[in-house]
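Please read the structure below before turning to the comments.
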Amino acid sequence: MAITIATWNINSVRLRIGIVEQFLAGHAPDILCLQEIKTIEDAFPRNALIEAGYPHLAIAGQKGYHGVAIASKIPFKTVEKDDWCAMGDARHLRVRLENDVLLDNFYIPAGGDEPDPAVNPKFDHKLKFLREMVQWGEARRAQTKRAVVVGDFNVAPLEHDVWSHKKLLDVVSHTPIETDLLAEVQAAHDWVDAVRHFVPATEKLYSWWSYRAADWAAADKGRRLDHIWVTPDLKDGLVSTEILRAARGWDKPSDHVPVLLTLEV
DNA sequence: ATGGTCGCGTTGCGA
């Protein structure tokens, strides 16, 4: 069967539940993975998602910061969450689907402003998180052949995943130390970048535009921070992808837009 | 070169 998985950094699910409903009504993914829900689990807008047709909910919440969730039309066999870097942050959820496909949803730390782990603890945390992901991939690759990983990775890995490769080489999200580490994460499980499977690496492609631009669309200084990867065994099942740029122009938008993948599993 | 805008939960912090 073909399923559609979407990932979206929503930047407060309570504030933006209206555009979540709009997105689900218009695009009807089978599974929606959210990051930065910015709420505890008890205050998560469960009823809105159930009424929208997504009764299967996995939520890892935290007061004020971070937080991830998975809302699904199809049931989960299991739900797990890992504690990355022993920080106690709500940055990860894993579900097993009925066909035994594993789906991991990540919110990787943004990393602050200064790209130097010696002076910036937030950047140090980001690099440690990525190194743990390398270990995770190496440990799991032998036993997990059918898996999808999505999320806000807060790294724009390729030259044309940012509006100016040269100008962003020393900007957190596109520094070589981060892009090299993300490449290690990808290699550790031979992950296939599902979106770039369909869009050539020579084409500019973004999923995030800063709130600080006076006119985000005119300036178009975006970055591709949100990703969907699949294991090689699922590569032949890739059907299509979409980055919903229009969502950046919706009422009271998130600074990220939904990224969608349809695949046969 | 600088500062620009968000959301949460209080007026600072993280993005």
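So that the names make sense, note that chain A is the first sequence line, chain B the second, and so on, each numbered from 1.
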Are Met1(A) and Val230(A) connected, step by step, through hydrophobic side chains (Ile, Leu, Val, Met, Phe, Trp, Tyr) whose heavy atoms are closer than 4.5 Å? yes
Rounded P spacing from dT10(B) to dT5(B) in Å: 24 Å
Mind checking what makes salt bridge (Lys or Arg N to Asp or Glu O under 4.0 Å) contact with Asp89(A), not counting sequence neighbours? Arg91(A)
So, His256(A) side chain and Leu225(A) main chain: donor-acceptor pair closer than 3.5 Å or not? no
Considering only atom C1', compute the distance from dT11(B) to dC6(B) and round it to an integer number of Å. 15 Å
Measuring only the C1' atom in each nucleotide, how far is dG4(B) from dA15(B)? A whole number of Å is fine. 14 Å
With Arg248(A) via salt bridge (Lys or Arg N to Asp or Glu O under 4.0 Å) - residues at least two apart: none
In whole Å, I'd like the distance from the CH2 atom of Trp216(A) to the C1' atom of dG4(B). 18 Å
With a 4.0 Å cut-off on N to O distance, would you call Arg141(A) and Asp190(A) a salt bridge? yes
With ring centroids as reference points, do Tyr206(A) and Trp216(A) lie under 6.0 angstrom apart? no
Mark up nucleotides 6-15 of chain B, 5' to 3', with B wherever a protein heavy atom is under 4.0 angstrom from a base atom, S wherever such an atom reaches only the sugar-phosphate, and - elsewhere. SSSS----SB
Could you tell me how far dG9(B) sits from dG3(B) if I compare only their C1' atoms? Round to whole Å. 25 Å
